Each structure stands twice: as C-alpha cells, then as structure tokens.
Amino acid sequence: MRSRLTAKLHAMLERAFPERRLFLRSEEETRFIRLKPETQLVAWTGSVLVVGWTIIATAILLMDSIGAGNFRAQAQRDQLAYEQRLNDLSAERDARALEAIAAHERFSAALEQISIMQSQLLLVEEKRRELERGLETVQATLRDTMRAREDALERLANLEAEGGDTGQTVVSSDATGTVDLLSTALAETAAQRDQIAEDAAFAITQAEELELELRLQQERNDQIFRQLEEAMLVSVEPLDRMFRAAGMNPDRLIDQVRQGYSGTGGPLTPIQFSTRGEEPDPDALRANAILTAMDRINLYRIAAEKVPFSMPVRSNFRFTSGFGPRWGRLHAGTDFAGPIGTPIYATADGVVSHAGWSSGYGRLIKIQHDFGIETRYAHLNSMDVRVGQRVSRGDRIGAMGNSGRSTGPHLHYEVRESGDPVNPMNYIRAGQDVF
C-alpha cells in the first residue's frame, strides 16, 4: 500500500518535473548531473519562497515609506498649526500690552483731573468760608446797630417823659442838642442798616451762585469718580486673579511689597482733610479709595516684575516634557526643545546666585527672586551672566544647549518656592491670561 502511494506520488512528480540531466563538458571528459523530480521540487519551492519573500518585503518597505511620508506631512501640519497658535498668542499678548499702556495713560490723565478738581474744591471751600465769615461780621454789626438804635430811642423817650413831668414848654438848649444828635445818629444808623441789608442780599445771591456752581462741580466729580472706580475694578480684578492662579496670596504679597517700598509722599498718598469733628467728606473718601486702588495696581506691577510670569524662550520651540513623575521619579521642571543657541531670557527680576557647571544639569543658571522664589535654567550651551549680577525680566542670560545629562538640545526650566519645585506652567499660564 505504501509503495503504491509512493509510486503514485513519484509518477505525479515525474509528470510535473520530468527527470533532467545537466551535462558538464570539459576538454578531457564529459560528465552530467541528474536532476530528480524531488530535487527539482525542492529547488522550485525554494525559488517560489524567495520570490514571495522578496515581494512581501518590497511591499512592506513601500508601505512604511508611504506611512513615514504621511507622518512627516502630519508633523509639518501640526508644527505649522502650533506656530500659528504661537503667533496668535504673541499678537494677543501685544494687544494686551497696548491695552495696559492705554489704561495707564488713562489713569495718569484721570489723576491729573483729580488734582485739578481738588484744587478747585479747596478754592471753593475757602471762598465759602470767607463768605461765612463776612456774613457773620455783617450780622454782628447789624445787631450792634440795632441795639444802639434801641438805646437812642429809649433815651429819647426818657427825655420826653422828663420834659412832660416838669411841665416845661420850652426845651433847654442841651436837650435840643441831644435830640439833634440822636436824630443824626438814627439817620446814619438807618443808612448803615440799608447798606448792610444790600450787602447781605448781594452776599446771599453770591452764595446761591456759588452753591449752584458747587453742585454742578459735584456732579462732574461724581461722574469722573464713577468712571475711575469702574476702571479700577476692571484693572485690579485680573491682576488679583493672576496671582491667585499662581498659588500666591495677593494680600500677603502686597504687604511684602509695601514693606520693601515703605516710602512717604508721592502721587498715590491719601488726601488729608481736616474735618473739625465733622463727618469725612464723601468725595475725599472716594478719592482716597481710588488712590488706594491705584496704589494696589502699582504694587501689583512691582510684584509682577519679581514673579516669573513670562516665558524663558521666545523663539520657536516645542514642549517635550512637563512637570511631574517621569521614569519613576519627579521631573521638577518643564522642557523647551529648540536649536542650539536659541536665546534664553530671565522670567523675572532677581539676582544671579549660580552660573556654572552642575552635575546632571550641565551649564546651570540660578536666579533668586523676591518672595522666596528661585528659577533654574539648565543644559545651556553658553551663559551671559555672572554670580551676583542683578537681572531684569526679559534680559538675555544664556543660550539653549545640550550640556549635562541631556538627550537633545533643550532648556530644562524650574521654579522653586522656598526650595520646593512647583509647576512652572502655573506661573506662565497665569501671566499669559493677563499680559
């Protein structure tokens, strides 16, 4: 049975692959190689496998090439979209900066108007007080004149009564002179009284005009105060939210800045008025509230220069690693990748505390800021600052590199509060929302 099956298979192979002979002839002899059907089958199968493998490998290479092209195109589209987004953010930041400058100019103009109005209010108040003192003098003189007139009338009545009781019909020369003197005095007193009445009427008219002018001025002041109060509200709230978004307490921050800049005088000093035991002037209270808000904005501006709200890289870059766990340990900063030599800028005012080589960090710059904040710039290619140098926000401090323990050119940027690392993007996002 087995031999029969083998013979059948061999016959099939002979039909498909008949036995062939390969002759090899030389000068001396002729030899041949017999190619059995089984050998031909093995050779044919191997050839088919090789050709098939070649076709499959070529197809795979072509698919990978097509896929890589698609990935590169997608990456280029993503890069263009990201750059467009960065350009939009830059334009928006510039617009916000222009709005802040315009708001500052409006504040300056409003402050000048407040100073002018305060001077006018002081002049009006002084005039009112002078008129009050003049009215008091006129009233006192009028009272004295009325008392003198009443005394003269009483003396005249007494003289007439004494003349009637003695029954004399002729008045002595002394009595006649006294009567003439009293009559003259009464006439002069009446004239003075009429003049004083006219002066009082004129003073009352002037007081009414001044009162009307003061009321109109008060309405203008109230309108200006409302505009300033609305501007203060719109300006202070975003700054307050910016510091809170960065995890900072605005009130404690303002107190620290005020302690560091504890001077006296200046345009933002509260207005002082003598109330003489009366209630404080509402306009003075509103003006002081506006000046307090402006002083808070000024302190916010000073604090914002000392807090790292800006970006350390302004050229084209890409985020390669954020703050958080990485490879089983804490990645204490944010990585910005870009070409070697990309400028690196200080993100806030401060003093350089370290500028040199550090294990793992490579070329490292540390800047100490106020409020216990420190920023670190690692893996630099070059450093443009020295230890002890004071830098301002936006100053160039170095260039991006690949020094230290790094897998490619990038900036490793850290923010530390009291020595503890925090997410730098908290400050950057908070600053971008306002600036």
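Starting from 1, each residue takes its place in the sequence as its number. Please read these numbers as outputs of a predicted model, since none were measured by experiment.
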Q.
Quick check for you: to the nearest 0.5 Å, what is the distance between Arg363 atom CZ and Leu380 atom CG?
A. 8.5 Å
Q) Who are the salt bridge (charged side-chain N to carboxylate O under 4.0 Å, His left out) partners of Arg314, not counting sequence neighbours? A) none
(Q) I'd like to know whether Ile344 forms a side-chain contact (heavy atoms from CB on, under 4.5 Å) with Tyr413, so could you lay out the CA-CA distance, the side-chain angles of the two residues, the decisive distance to 0.1 Å, and finally the verdict. (A) CA-CA 10 Å; Ile344 304 300; Tyr413 174 63; over 6 Å; no
Q) Donor-acceptor pair, Ser406 side chain versus Ser403 backbone, under 3.5 Å? A) no
**Q.** Test salt bridge (charged side-chain N to carboxylate O under 4.0 Å, His left out) applied to Asp395 - qualifying residues, sequence neighbours left out
**A.** none
**Q.** Audit row: Trp357, Met383, side-chain contact (heavy atoms from CB on, under 4.5 Å) steps and yes/no
**A.** CA-CA 10 Å; Trp357 189 272; Met383 297 176 291; over 6 Å; no
Q.
Test of understanding: with salt bridge (charged side-chain N to carboxylate O under 4.0 Å, His left out), list the residues that count as partners of Arg416, not counting sequence neighbours.
A. Glu414
(Q) Looking at His354 and Ile367, would you say the former's side chain and the latter's main chain have a donor-acceptor pair under 3.5 Å? (A) no
Q. Atom CE in Met63, atom OG1 in Thr58: separation rounded to 0.5 Å?
A. 13.0 Å
Q) If you measure from CG on Leu411 to CZ on Phe317, what distance do you get to the nearest 0.5 Å? A) 10.0 Å
Q. Any side-chain heavy-atom pair from Val385 and Ile397 closer than 4.5 angstrom?
A. yes
(Q) Rounded at 0.5 Å granularity, tell me how far CD in Glu417 sits from CZ in Phe371. (A) 11.5 Å
Q.
Nearest 0.5 Å, please: how far is OH in Tyr345 from CE in Met311?
A. 12.5 Å
Q) Any sub-3.5 Å donor-acceptor pair from His379's side-chain atoms to Asn402's backbone N or O? A) no
Q) Does Asp349 use its side chain to pair, donor to acceptor, with the backbone of Arg393 at less than 3.5 Å? A) yes
Q: State whether the side chain of Gln368 and the backbone N or O of Ile373 hold a donor-acceptor pair below 3.5 Å, judged by distance alone.
A: yes
(Q) As an exercise, state the distance from CZ of Phe323 to OG1 of Thr334, rounded to the nearest 0.5 Å. (A) 8.0 Å
Side-chain donor-acceptor distances from residues 45-57 under 3.5 Å, at least two apart:
| from | atom 1 | to | atom 2 | distance (Å) |
| --- | --- | --- | --- | --- |
| Thr45 | OG1 | Leu41 | O | 2.8 |
| Ser47 | OG | Ala43 | O | 2.9 |
| Thr54 | OG1 | Val50 | O | 2.7 |

Q.
Going by salt bridge (charged side-chain N to carboxylate O under 4.0 Å, His left out), name the pairs with one or both residues in residues 330-346, residues two or more places apart or in two chains.
A. Arg326-Asp335
Q: For Tyr377, check side chain to side chain donor-acceptor pair (under 3.5 Å) against everything at least two apart and list the hits.
A: Thr347, Thr375
